[in-house]
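Because the structure is a prediction, the values reported are computed rather than measured.
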Amino acid sequence: MKYTLEGQETERLKFRLLNIDDFDDCIELFKDIKVCRFLGVDKIETPKERCRLWFEITFERYKNDLGGQNILLDKKTNKIIGQCGLLVREIEGKKEIEIAYSILPEYRKKGFATESTEKCKNFAFENKFTESLISIIHTENINSEKVATKNGMRKDKITNFKGMSVNIYRINSIEWENK
């Protein structure tokens with residue numbers, strides 16, 4: 001599971017793998033239908049079913065070394081504040097590594113997304129996993145576009161991903177090295 005950040009830390013956060021005991025804490029994320037639309041799970045009936053699918057996908061990613069979001073723990077409180085990680089994706093027939101995140105509602109707009117995505121970017125480039133990283137962002141998700149921009153990414157293109165119109169934000173390792 002080389003793409004996971006298990007055991008990594010930032011100033012305020014600890015990264016660890018998702019486990020089944022996290023279900024009740026994570027279900028909050030799947031109550032907001034707008035967020036679920038951005039995540040592509042809005043067609044699923046209930047928050048519990050959406051969360052269950054998310055967990056299944058994450059565990060499958062872990063098992064097949066396709067990365068996966070890590071649980072983010074606040075170092076001060078040890079509470080779950082969200083998830084963030086590196087995901088192996090296929091976009092337009094090409095394998096890419098995506099920086100993805102989801103922050104629980106009560107912890108949004110406090111810099112946790114920027115802090116965790118920056119750690120993912122640095123981890124990926126320091127370990128030479130890829131020459132470029134992407135973030136797949138629903139075209140209406142302005143907040144995630146701001147996070148990507150703060151992380152040094154630029155809008156690369158608009159495409160269709162899993163039936164959604166998305167912006168692909170990108171940063172390459174040369175840009176990262178020159179910062």
Side-chain angles (χ1 to χ4, degrees), residues 3-42 44 46-59 61-62 66-89 97-124 133-153 155 161-162 164 166-171:
Y3 299 112
T4 61
L5 281 83
E6 183 176 24
Q8 297 293 311
E9 295 186 7
T10 66
E11 183 181 331
R12 299 181 296 164
L13 301 169
K14 292 188 285 188
F15 288 71
R16 72 158 167 77
L17 295 181
L18 178 75
N19 66 59
I20 200 66
D21 296 332
D22 299 325
F23 191 87
D24 289 340
D25 291 316
C26 291
I27 202 163
E28 276 305 307
L29 183 65
F30 299 95
K31 291 180 180 176
D32 183 338
I33 198 66
K34 184 178 178 184
V35 169
C36 290
R37 191 163 49 90
F38 294 161
L39 296 174
V41 296
D42 56 317
I44 298 170
T46 68
K48 194 171 189 176
E49 290 174 51
R50 293 178 198 131
C51 192
R52 186 176 293 119
L53 174 64
W54 195 262
F55 272 56
E56 287 172 10
I57 291 168
T58 300
F59 295 144
R61 287 185 157 288
Y62 288 170
L66 297 172
Q69 292 200 43
N70 306 266
I71 287 294
L72 298 172
L73 297 170
D74 183 317
K75 283 182 171 180
K76 286 183 183 172
T77 64
N78 216 35
K79 288 188 177 186
I80 293 174
I81 62 105
Q83 300 176 46
C84 186
L86 300 169
L87 311 178
V88 178
R89 298 279 202 183
I97 297 180
E98 178 190 16
I99 300 172
Y101 73 93
S102 304
I103 304 297
L104 292 169
E106 67 186 279
Y107 299 103
R108 291 182 189 147
K109 300 197 179 210
K110 296 180 179 180
F112 291 117
T114 301
E115 187 174 331
S116 61
T117 58
E118 182 176 6
K119 179 64 177 180
C120 288
K121 173 187 68 182
N122 293 339
F123 184 78
L133 293 164
I134 64 168
S135 281
I136 303 168
I137 302 172
H138 191 285
T139 54
E140 296 173 22
N141 192 343
I142 305 305
N143 289 331
S144 285
E145 289 183 349
K146 289 176 184 175
V147 170
T149 301
K150 286 180 188 173
N151 201 14
M153 299 178 121
K155 187 173 172 182
F161 181 73
K162 296 186 177 185
M164 296 182 294
V166 298
N167 291 313
I168 303 295
Y169 276 74
R170 181 178 305 278
I171 186 169

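Side chain of Arg61 to backbone of Leu66: a donor-acceptor contact under 3.5 angstrom is found. Side chain of Glu115 to main chain of Thr10: no donor-acceptor pair is present (N/O by atom type, distance under 3.5 Å, no hydrogens or angles). Under the 3.5 Å distance criterion, the side-chain polar atoms of Asn70 are left unmatched by any main-chain donor or acceptor of Leu17. Between the Asp22 side chain and the Asn19 main chain, a donor and an acceptor come within less than 3.5 Å of each other. A distance-only check finds no donor-acceptor pair linking the side chain of Tyr62 to the backbone of Ile57 [under 3.5 Å]. A donor-acceptor pair under 3.5 Å links the side-chain atoms of Arg50 to the main chain of Phe30, judged by distance alone. With Asn151 contributing its side chain and Thr117 its backbone, the two residues share a donor-acceptor pair below 3.5 Å.
Taking 4.5 Å as the limit, some side-chain heavy atom of Leu72 sits within range of a side-chain heavy atom of Phe15. Inter-residue side-chain proximity for Lys162 and Arg89 is flagged as met; some heavy-atom pair is nearer than 4.5 Å. In this structure, Leu39 and Ser102 have side chains that are in contact, with non-hydrogen atoms separated by less than 4.5 Å. Residues Ile44 and Cys36 have side chains not in contact (no heavy-atom distance under 4.5 Å, counting atoms from C-beta outward). Proximity of Ile80 to Leu73: side-chain heavy atoms (C-beta onward) are separated by under 4.5 Å at one or more points. At least one side-chain heavy atom of Glu145 sits less than 4.5 Å from a side-chain heavy atom of Ile142.
The line from CG of Leu53 to OG1 of Thr58 is 9.0 Å long, rounded to the nearest 0.5 Å. The distance from atom CD1 of Ile171 to atom OG of Ser135, rounded to the nearest 0.5 Å, is 10.0 Å. To the nearest 0.5 Å, the span separating CZ on Phe112 from CD1 on Ile103 amounts to 8.0 Å. Atoms OH and CG, from Tyr107 and Leu13 in turn, are 11.0 Å apart once rounded to the nearest 0.5 Å. Rounded to the nearest 0.5 Å, atoms NZ (Lys79) and CG (Leu104) are 11.5 Å apart. In this structure, CG on Leu18 lies 4.5 Å from CZ on Phe59, to the nearest 0.5 angstrom.
The two atoms that bring Arg108 and Asp32 nearest to each other are NH1-OD2, 3.9 Å, heavy atoms only. Contact record, Ala100 with Leu87: CB-CD1, 3.6 Å, taken as the closest heavy-atom pair. Residues Ala124 and Leu86 share a closest heavy-atom pair of CB-CD1, 3.8 Å. Residues Val88 and Tyr3 approach most closely at CG2-CE1, 3.6 Å, considering heavy atoms. When all heavy atoms of Cys84 and Ser116 are compared, the closest pair comes out as SG-OG, 3.5 Å. Across Ala113 and Val147, no two heavy atoms sit closer than the pair CB-CG2, 3.9 Å.
Look at Glu28 and Lys31 and you find a salt bridge, because one of the NZ, NE, NH1 or NH2 atoms lies within 4.0 Å of a carboxylate O, short of that distance. Lys110 and Asp74 are not joined by a salt bridge, as no carboxylate oxygen comes within less than 4.0 angstrom of a charged side-chain nitrogen.
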Could you go step by step and tell me if Arg52 and Phe23 meet the side-chain contact (heavy atoms from CB on, under 4.5 Å) rule? CA-CA 8 Å; Arg52 186 176 293 119; Phe23 191 87; 4.2 Å; yes

I would like to know whether Lys109 and Lys146 meet side-chain contact (heavy atoms from CB on, under 4.5 Å); could you show each step before the answer? CA-CA 11 Å; Lys109 300 197 179 210; Lys146 289 176 184 175; 5.9 Å; no

Could you go step by step and tell me if Val35 and Leu29 meet the side-chain contact (heavy atoms from CB on, under 4.5 Å) rule? CA-CA 8 Å; Val35 169; Leu29 183 65; 3.9 Å; yes

Residue pair Ile99, Met153: steps toward the side-chain contact (heavy atoms from CB on, under 4.5 Å) verdict: CA-CA 11 Å; Ile99 300 172; Met153 299 178 121; 4.2 Å; yes

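For Lys150, the NZ atom sits in a loose shell: 12 or fewer heavy atoms of surrounding residues, nucleotides or ligands are nearer than 6.0 Å.
Under the 3.5 Å distance criterion, with hydrogens and angles disregarded, a donor-acceptor pair is assigned to the side chains of Tyr101 and Ser144. In the model, Asn78 has a side-chain atom that pairs as donor or acceptor with a side-chain atom of Lys14 under 3.5 Å.
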